[in-house]
Structures are given as C-alpha cells and as structure tokens.
Amino acid sequence: PVLAGALTPTGASESDGEGGEEPAKAAPAAAPTMMSKEARALIHAEGGLELWKDRYYHEKLELPRGDATAKRGVVESYLQGLHWVLEYYYRGVASWNWFYPHHYAPMASDLVALDTISIKFTQGKPFRPYEQLLAVLPSASAKLLPVPYQGLMTNRDSPILDFYPTTFEVDMEGKRSDWEGVVKVPFVDEARLLSASASVRESLLTANEVARNAPGDILVFTHDASSVEQDFCTSTLPRSFRDVAAPRSKCLKRPPPPPLPSGERGFVPAVTPGTLTGLSAPPGTPTLKTMHTRAALRVAGVNVLGLPSKRESLIVTVRDLREAMGGEVLSAEQVAPLLLGQRCYVNWPYLQEARVVTVSDCHGSIYATEHSEPQAKKWRDQEAAKWGSHAAQAAGDLLVKHGIDVGHVDLLVGVRQCKGYVRHIDGTVQKRYGDDEAFYPLQAITRMRPGGAVGRADAGAGRDVGADDGMPAPVVLEPGSRAIFLGRMPLYGCVASVLPDLGDGVICGKQRR
C-alpha cells in the first residue's frame, strides 16, 4: 500500500480461515511528512491551487480528473454530513442508514452555492446489537460476538470477509502523529451485512444471547424515598460493589421516542433561567471576569497538540502591572507585607486555592517563616540572572501553554497549593497544603473569587478572602441535616444524616462553631 508517498511492505500474515486472525495491521510509515516534494511543487507553480485541488480529488478521493459533477457530489455528501450531525445533537437521529461515503472532505473553496443543495434523509431503522458489532469491530475482536457470528468475520467463505481486512492503508500525508492518519478501511455495505447476519439461525444462540440482540427500553430513574422495588439493585460486580439495599428510587421503562415532527425544535441551546454565571457563579466555576482582561488574535506559538501553532491564536491579555500603576515598578518590599501568609487563587481562571509563602523580584526574595518575622534575601548577580530566567519562563509558559499574556513580570509570588482538608480526631478541621512551592507572576493570581453558594458565610461576589484563620467556612450542621460522607470507602459518597449526639458543631481551630 501507498503510505506517506512511498511504497511500504504490509508485513501482515494470511488468514487461517478458522478464527485464528492476527490483529489487523496498518502498514508502517518510515516517517510522516507534512507535504511531499511533488505536492509542494504544485502549490508554488502557476495556477498551483487548481493543480493541487485536481491532484487531491484524483489521488485522495479517486475521482476522474476534471469531473465537476463528481466533485460536486462530494460537496453534497459533506453538507449532508454537517446536517446529520446537527440534527443528531439538536433533534435526534435524522437517518439510521446515512453515512459519509468518502475518506476525505472536499476542499473548503469548493463549498459554494450551498443553498442550491437539497438535504433529504430516509429515516431507516437502527441495526440490532450484533449487526452493529459486525459493522464496527475488526476481526481481531470477533470473540465479542456469539460464536455463530464470529465466522462471518474470520472464515474464508464468509460473504462479508472483505469488511475485515488484515492489512490496510494509513495515509500520513500532512500528519505528524499516528492517530492523525486517515485509516482507509472499506465502507460497510448495509444490505450485504444484514443479509449475512440473517443467515445465522437464532436456534444456534442461547436464550441470553437472543435477549442481548434485542433493543431495550430507555430506563428513567426518579427519586422515591419510599421505593422498595428491587429491579437493577443486584450488583453485577459483587467483588467491587454491593447490592443496593434501599434504592430510594423507582425505574420507569419507556420505549425510544419517535422522530420529532418536521419543523419542531428539539434541544434549545440556551442557558437555563436562574443559572448563576460570572462573579455570581459558585466557587470553583471558571470565569474570566475575576480579572481585567482583553483579547486579540495574534501569532504567539501557542501549543496545540504538542506543536507550536503557526497561525493566529486568541490571546487573553491580563492587565499589565506597570500599566495599572501608571508606569511605577513595584518591589518585593512593598508587596510582601500585603501578601505573605495570605490566601490567594492560582491557575486562573480555574482559581485553585493557595497560600503565599514568598514574594521576589530581580533584587531579592522575602519569605515567610513559621515562628518568626518574614526574612529577606538579596540576590547575588548569578541569582538575579537566574530569577530573570524563571520570570521569563513563567510568562512564557502562560502564553504558550494557556494563551495568557501577563506582560512584564516584575514580581513572582511563591505559593503552596491547598490539597484539601483534614479532620482530626478531636474534631478540628485543618487545610492541607502541598510541600512543593509553585511560582506565578503577581498579575496572574487573584485574591478575589466569585460569590459562593447561597448560605455560605463567605458568600458575596468578589469578596476579598484574606488569610483570616485559614479554615473552611463555618458549616452549620443541625441535628437531622443531610450531608454527603467524604470519608473512606465503602461509605464514600453516601448520603448521611447528622445525629444529635455528635456535639454542637464542628470545631475550627480554637473556636467552637
């Protein structure tokens, strides 16, 4: 087969005809190429675009050269595919038997006069489970089907053996990673597949296998605290999960709904009324509104799938500190008293809680200590140069990995991120911080977070949450309150009730709540 513009050996074994298949193999590529020399020469030649397109349609889609009708057919199929996908997500399956009949898309410049294309689908009907598996599995996975069906995928005399090649072509032109390659396996002929499947007599299947091949109902579970029904309560993995003793729900079986009538709207892509967004969103909800930003398209080499983008990316620019201070450059001595020991949020816009332990600039570092006043250290020349490299790397990582431009980095803030909470045996609750120190440009952290959920003591949009006692917000758990147990298995995630004999609340530090 042809792979990346070169002939390569297949290296695949022959079928033994009795189910002893080797897994299907793609011919190995010597090296992926972004564009062959011949293709590159076409692009730069006079009339290169049309020459390139003619080569693309002829070699990739195997169309006759200059056949405008065939090219238009590809465009029509592609537009049908776009409609099918939109119908699927917004209204339901438009057709059970439609498929895109090519391995490649048309050229974007040929997507013209789209309003003249008529889109019509036939509803068809879905494959039964075994038919679906025959349509999508390779022969190496034949064992996933009942034995009477396996021969259709492996035996030499199978009428659909050509659906399951043991070798196939992978086109790597224009690709760098294996998973990007175009896998050129044959398309399944629905009529032939259904005919072959029908040749398997149902009498050869066990009662369980027959039941597996029938489409089931839609199961709808609704809360019902008084329910005692036992359907679906027996664990199918008893070594890992216990049976459900009290379901507190009921199960309704409903048939699949019919297709929506023509013209009737399905899913409406709109935010549900009452949804809290922006600064009013619950804690942990990402939002860009916790900082002053602006956005613009520009070439910045943002990492996309492991490679720097050569095209424009939408870059979010955080307000430059020098700009905010009217050109003044803040020093670590000025900022450290305000930040050391304070709570902040990093990894913007996801806002992960952390505690500030150091503040540094090009002259030195000021760091917190456990039992004494903050200490200062002046950089030597080599240390100052190293700090400058770290600052540049921090800004570069934010730009390349996240598309965030922080401008000049005059101050780095060292933090230890909050890893969770620990409840001690005496009932006290304490935050647990990581041992590793991470560094962020000052303008990339925030002490502001969105307003919390209703009822939290620290709720309020944009509330300044400083160091205070470093404890979680007070939790009021009255006897009878419902809670989620976050302790160890096997009760992790279970609903719990607060009992009267647990005391008068949670002890936070030295203060009883």
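What you are looking at is a predicted structure, and each value in this text was computed from that prediction instead of being measured. If you read the sequence from its start, that first residue is 1, and numbering goes on from there.
- Formation of a donor-acceptor pair under 3.5 Å by the Ser235 side chain with backbone atoms of Phe241 is found in this model.
- Of all heavy-atom pairs between Val244 and Gln230, the closest is O-OE1, 4.1 Å.
- Counting heavy-atom neighbours within 6.0 Å of Asp381 CG, excluding the residue itself, gives a total of 12 or less.
- By the 4.5 Å heavy-atom criterion applied to side chains, Lys253 and Leu219 are counted as neighbours.
- Within a 6.0 Å sphere centred on OH of Tyr78, heavy atoms belonging to other residues, nucleotides or ligands number 12 at most.
- Using modelled atom types, no side-chain atom of Ser77 and backbone atom of Val74 make a donor-acceptor pair closer than 3.5 Å.
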_If you apply the rule side chain to side chain contact (heavy atoms under 4.5 Å, CB included), what do you find for Ser313 with Arg298, and how did you get there?_
CA-CA 6 Å; Ser313 301; Arg298 76 172 198 257; over 6 Å; no
_Step-by-step side chain to side chain contact (heavy atoms under 4.5 Å, CB included) determination, Ile366 to Glu333_ = CA-CA 7 Å; Ile366 301 177; Glu333 287 83 356; 4.1 Å; yes
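- You'll find the side chain of Arg212 stays beyond 4.5 Å of the side chain of Pro129, heavy atoms only.
- The two residues Cys362 and Ala384 come nearest to each other via the heavy atoms O-CB, 3.6 Å.
- Aromatic ring orientation, Trp98 versus Trp84: parallel (interplanar angle below 30°, classes split at 30° and 60°).
- To the nearest 0.5 Å, the span separating CG on Asp171 from NZ on Lys60 amounts to 3.5 Å.
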*Just do the side chain to side chain contact (heavy atoms under 4.5 Å, CB included) check on Leu442 and Leu339 with the steps written out, would you?*
CA-CA 10 Å; Leu442 176 60; Leu339 291 184; 3.5 Å; yes
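- Enclosure of atom CZ in Phe485 by more than 12 non-hydrogen atoms of other residues, nucleotides or ligands within 6.0 angstrom is indicated.
- More than 12 non-hydrogen atoms from other residues, nucleotides or ligands lie less than 6.0 angstrom from CZ of Phe232.
- Going from atom OG1 of Thr358 over to atom CZ of Phe439 covers 4.5 Å, rounded to the nearest 0.5 Å.
- Heavy atoms from other residues, nucleotides or ligands lying under 6.0 Å from CZ of Phe99 number more than 12.
- Arg242 and Pro490 get closest at one heavy-atom pair: NH2-CG, 4.1 Å.
- At most 12 heavy atoms of other shown residues, nucleotides or ligands fall within 6.0 angstrom of atom OH in Tyr89.
- In summary, of the residues considered (Thr446, Thr287, Thr290), a side chain to side chain donor-acceptor pair (under 3.5 Å) with Trp348 occurs for Thr290 alone.
- Side-chain contact between Asp231 and Pro247: absent, with no pair of heavy atoms (C-beta onward) separated by less than 4.5 Å.
- Summarising the geometry, atom CD1 belonging to Ile445 is positioned 13.0 Å from atom CD belonging to Gln352; distances are rounded to the nearest 0.5 Å.
- Around CZ of Arg248, the count of heavy atoms belonging to other residues, nucleotides or ligands within 6.0 Å does not exceed 12.
- Not a single donor-acceptor pair under 3.5 Å links the side chain of Asp243 to the backbone N or O of Ala245.
- The CD atom of Gln375 sits 5.5 Å away from atom OG1 of Thr369, with the distance rounded to the nearest 0.5 Å.
- Of the residues Lys431, Lys419, Gln417, the one that meets the side chain to side chain donor-acceptor pair (under 3.5 Å) test with Glu353 is Lys431.
- Annotation: side-chain hydrogen bond (donor to acceptor under 3.5 Å, both in side chains) contacts of Lys53 (sequence neighbours excluded): Ser109, Asp110.
- Using the six-membered ring where Trp is involved, Tyr100 and His102 have ring planes that are perpendicular, over 60° apart on the 30 and 60° scheme.
- Closest approach of Arg355 and Arg343 over heavy atoms only: NH1-N, 4.4 Å.
- Considering only heavy atoms from C-beta on, His363 stays 4.5 Å or farther from Ser331 through its side chain.
- Residue Ile315 comes nearest to Ala300 through the heavy atom pair CD1-CB, 3.9 Å, listed as atom of the first residue, atom of the second, then distance.
- Taking CZ of Arg294 as the start and CZ of Arg319 as the end, the distance is 9.5 Å to the nearest 0.5 Å.
- Although no hydrogens or angles enter the test, the distance criterion places no donor-acceptor pair under 3.5 Å between the side chain of Arg322 and the main chain of Val329.
- Annotation: the span from Thr285 atom OG1 to Leu279 atom CG amounts to 11.5 Å, rounded to 0.5 Å.
- When atom types are taken as modelled, the side chain of Ser389 and the backbone of Ala385 share a donor-acceptor pair closer than 3.5 angstrom.
- Between Val495 and Ile484 the shortest side-chain heavy-atom distance falls below 4.5 Å.
- For the pair Ser365 and Trp387, the minimum side-chain heavy-atom distance is 4.5 Å or more.
- Atom CD of Glu180 has more than 12 neighbouring heavy atoms from other residues, nucleotides or ligands inside a 6.0 Å radius.
- Minimum heavy-atom separation, Met172 to Ser177: CE-O, 3.3 Å.
- Side-chain N or O atoms of Asp361 include one that pairs as donor or acceptor with a backbone N or O of Ala332 at under 3.5 Å.
- The closest side-chain heavy-atom distance from Arg176 to Leu305 is not below 4.5 Å.
- You'll find the side chain of Val413 reaches within 4.5 Å of the side chain of Val415, heavy atoms only.
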*How far apart are the C-alpha atoms of Gln443 and Glu323, what are their side-chain angles, what is the distance that settles it, and do they pass the side chain to side chain contact (heavy atoms under 4.5 Å, CB included) test?*
CA-CA 11 Å; Gln443 59 267 44; Glu323 176 186 333; over 6 Å; no
